[in-house]
Q: 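Encoded as structure tokens, here's the structure I'll be asking about.
Letters A, B, ... mirror the listed sequences (proteins, then strands); counts begin at 1.
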Amino acid sequence: MISKKVNSVSEATEGIGDDMTFMFGGFGLSGIPENAISALVKSGVKGLTCISNNAGVDDFGLGLLLHQRQIKKMISSYVGENDEFERQMLSGELDVELIPQGTLAERCRAAQAGFPAFYTPAGYGTEVAEGKETREFDGKMYVLENAFKADYGFVKAWKGDEAGNLIFKGTARNFNPNMCGAAKITVAEVEELVPVGTLDPNQIHIPGIFVQRIFQGEKYEKRIEQRTVRTKNE
Amino acid sequence: MISKKVNSVSEATEGIGDDMTFMFGGFGLSGIPENAISALVKSGVKGLTCISNNAGVDDFGLGLLLHQRQIKKMISSYVGENDEFERQMLSGELDVELIPQGTLAERCRAAQAGFPAFYTPAGYGTEVAEGKETREFDGKMYVLENAFKADYGFVKAWKGDEAGNLIFKGTARNFNPNMCGAAKITVAEVEELVPVGTLDPNQIHIPGIFVQRIFQGEKYEKRIEQRTVRTKNE
Amino acid sequence: MLDKTGIAKRIAKEVQDGYYVNLGIGIPTLVANYVREDIEVEFQSENGVLGMGPFPFEGEEDADVINAGKQTITTLPGASFFDSATSFSMIRGQHVDLTILGAMEVAENGDIANWKIPGRMVKGMGGAMDLVASAENIIVAMMHTNKRGESKLLKKCSLPLTGVGCVKKIVTNLAVLEVTEKGFKLLERAPGVSVEDIQNATEGELIVEGNVPEMII
Amino acid sequence: MLDKTGIAKRIAKEVQDGYYVNLGIGIPTLVANYVREDIEVEFQSENGVLGMGPFPFEGEEDADVINAGKQTITTLPGASFFDSATSFSMIRGQHVDLTILGAMEVAENGDIANWKIPGRMVKGMGGAMDLVASAENIIVAMMHTNKRGESKLLKKCSLPLTGVGCVKKIVTNLAVLEVTEKGFKLLERAPGVSVEDIQNATEGELIVEGNVPEMII
């Protein structure tokens, strides 16, 4: 068994530097690599290009990096719910590239799987397709999209083992599996690092080969963005 | 919950006809849809185009359909271990298209995922790429491959529920998940049909949306092709 | 004239037995409440869940179980969780049968604009571009006119597009319309709304054939 | 001169700590038996398993746990099973560090032919074309000459290709060779084999620089 275990978040983020491209798993605040983000804030690296479906909120998630002006460019599908983001974007401090969510997921998966490019119908006829090759297959039009290239991928799983095998929970899974192995170095943080041999080989969401470093996160806040509930007598 | 359950293999194969294109999960004889294959043999449908990584052996798997001369064309990556196959191929009765195994898997996945085409490095510079578009990305050459189009996909899982959710076991998983939802109608057979709600939503390999019909197979022979063992005192 | 709930109720009638449905935020989300009880329908959310149930009871919320609107949800028996790429395989591969979403503008050729207003802060298209480019069956839920009283059913969209020629049906506070090769075909009027009212509120080509029935909700 | 076991033993020395390795059938399969015990290596099989162990004990075979050669296998702690598309994501995405496979012919530019002999029954390329087109590190294990005594290290392959310009290293019964821009560079001689012997058995350009050491196995 090839061990991917590192003993701390600082060891996990070794090698990061200014002007790099990072991927972050998560949808909204669900399934984001909280501990890696904290470490990046502390590290002070800047000029970052961040590939992440969302940009966090003002005081959590990638919002923390935005607040410190560490991000140069965001590549996302949806960036609402973030005043500081809006301010930086409108003032021109922050570059933003918006791409369809399914395209975002597949550009990660293409990088993971060694595909340089693929044709997708999303965005055809819109400004998303401007400057891109389009092509007809069976009477329908498609846009050529490229695999992402990133230096580090930061993902968060529920359970993992020293071999780097990961299991996600609920909708906190989202982009995390698609980003594993899509960057040069994939750093996985888990809520619980379990002994090798504990996870059923049949039930592993991401085999360890896609992960370079794994550590157990110190704590998880797991903030809820929209707490919607019903009352029992409803 | 939308029910996909059918009560018999004959109900599961309703609508099949001559000259159709079928997909079959399985690698060698592992994870093949044994009950569906038996039903197809019984049905006598002919002129079939079969997409399957392998072609079975003389007296099992797709070999049974070959023996009845029901197959017009095989699309596979490896077709050894089958004398009747060899005879029909050399005599020109059977048309064979050999394609790289990873390309075979991805052409299924592309059909499942709504991608018309993708670029892969496999086969570049070989006869597999003849007549196909090739293209350079970042200094490396790739071949454009298309999504498969099939009428029925026959897959085999370990466990499944009425909603069509599937869980596979070991290396019997192979092409089965990639073929789910890749044909117009996906027919899944399972060793055990469990009550809805029994399977952990977190641990489902294939969500039911990719499956149109599901049934519990009557029996599984699960033949081993190469029984390799060691003795305990070795 | 319908309110938002009325629009949701009318659209709920379009949902058929055995449908997998993706609901956008806003009015579309309400549709789930009015689907007939005697049919089986499963709701998909593009962040990675199939088989969504109602909101959780107070105290039972789970940060790891949300919908694409980031709301806490529950799941029903038979549900499944999956990654984003798989989720869009369901959408792009046309395994999802019906997509219901809001719009700022719809053109008579089926073009839709619902993600960007130039000069204003853009939040992004999320999954909308994948949904409209892929779905065979798209219903738009929206008010017939905007806050300034201008028609949202146009000859040509003025805002940046989300997708081209993709909308099949529109349910507004005034009418149910089908997008045809010749323009918006009026199918039904909202209670108390005349064909003339609809004509006046529609900038795009409106096709009125015979007697247009009033909706039954 | 080496036998097949000797070739496997020599190749095993190329396997480094932390490598994920894909082994082809034949001689490559034997390599697993000779990898140093003090390093960590994981074996991947393209039918969908990572972390392969030895063959099962008699009576413990499982039809659902096989390798790409269809042999019954076991798995080690930390192993995982996955579908074929994911398996080739590992290969195509260059997550597998080393591929070892057999060949019928290798050309001095790194071309490889190992799947088809015109006029004979063709069994198919299986995963070989994906492996050779993707791997950064490919070692070929083969005899230096064929059964008719003809060199298998050629100026140009005569058989249909499996991949172009992809082989990096070759270990034969006679030598270890590196594929360079100028041709086959002789790195090591098998025990008791002279440079002249190797020269005589090599049709392609052979580059001999200085004193060529004998292999240590």
Q: If you count the non-hydrogen atoms of other residues, nucleotides and ligands that lie under 6.0 Å from NZ in B:K5, is the total more than 12?
A: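 Open: at most 12 neighbouring heavy atoms sit under 6.0 Å from NZ of B:K5.
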Q: Measure across A:R173 and B:N202 and return the closest heavy-atom pair with its distance rounded to 0.1 Å.
A: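 Shortest heavy-atom contact: NH2-O, 3.0 Å.
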Q: With sequence neighbours excluded, tell me which residues meet salt bridge (Lys or Arg N to Asp or Glu O under 4.0 Å) with A:D200.
A: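 Checked A:D200 against salt bridge (Lys or Arg N to Asp or Glu O under 4.0 Å); zero matches.
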Q: Within the supplied structure, the quantity of interest is the number of heavy atoms (other residues, nucleotides, ligands) at a distance under 6.0 Å from B:E218 CD; does it exceed 12?
A: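 At most 12 heavy atoms, drawn from other residues, nucleotides or ligands, come within 6.0 Å of this atom.
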Q: In Å and rounded to the nearest 0.5 Å, what is the CZ to CG distance from A:R135 to B:L144?
A: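 It is 5.5 Å, given to the nearest 0.5 Å.
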Q: How about residues 103-119 of chain B versus chain A: which residues have heavy atoms under 4.5 Å apart?
A: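 Listed by number, the contacting residues are B:E106, B:R109, B:G114, B:F115, B:P116, B:A117, B:F118, B:Y119.
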Q: Should we say atom NZ of B:K184 is surrounded by more than 12 heavy atoms from elsewhere, each under 6.0 Å from it?
A: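 No, because the 6.0 Å sphere around NZ of B:K184 holds 12 heavy atoms or fewer from other groups.
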Q: Within a reach of under 6.0 Å around NZ of A:K132, are more than 12 heavy atoms found that belong to other residues, nucleotides or ligands?
A: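 Result for NZ/A:K132: enclosed.
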